[in-house]
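Note sheet for the following structure.
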Amino acid sequence: GVGGGVVRDICAGEIPMIFIKHFYACPCIIGAVICAALYGYNSDIAIVSGFVTVIVLRLLAAKFKWHLPKAK
């Protein structure tokens with residue numbers, strides 16, 4: 001989903017929103033890192049931990065209106 005949005009914005013001649021405002025790629029990256037870090041120990045726990053991390057971060061971002069900092 002993130003990649004498709006980036007391609008859409010680039011084709012439309014706009015700066016991709018994940019680079020300037022929206023906080024949705026970061027939770028995906030964080031969840032993937034957690035999943036990869038835990039995968040060697042237990043794949044089931046790794047997958048669930050990554051999934052829960054992404055969901056919790058997205059819900060918190062929506063509730064508290066988190067956005068990425070803007071470059072000056």
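Keep in mind that what you see is a predicted model, and the values were worked out from it rather than measured.
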field: Y39 OH to I45 CD1 distance, which is reported to the nearest 0.5 Å
entry: 12.5 Å
query: Does the side chain of I47 reach to within under 4.5 Å of the side chain of C35, using non-hydrogen atoms?
result: yes
task: Please check if V56 and V33 belong to a single hydrophobic cluster, counting links between Ile, Leu, Val, Met, Phe, Trp and Tyr side chain heavy atoms closer than 4.5 Å.
output: no
task: Indicate the atoms forming the closest heavy-atom contact of I15 with D9, along with that distance.
output: O-OD2, 4.1 Å
message: Is there a path of hydrophobic side-chain contacts, each under 4.5 Å between heavy atoms of I/L/V/M/F/W/Y residues, joining F51 to L57?
response: yes
- prompt: Can you name the side-chain contact (heavy atoms from CB on, under 4.5 Å) partners of V48, sequence neighbours left out?
  reply: V52
task: With sequence neighbours left out, write down each residue that passes side-chain contact (heavy atoms from CB on, under 4.5 Å) with Y41, or none if nothing qualifies.
output: L38
- request: Determine the minimum heavy-atom distance between G31 and V54, stating which atoms define it.
  value: CA-CG2, 3.8 Å
message: Show the nearest heavy-atom pair for residues W66 and L60, with the distance to one decimal.
response: CH2-CB, 3.7 Å
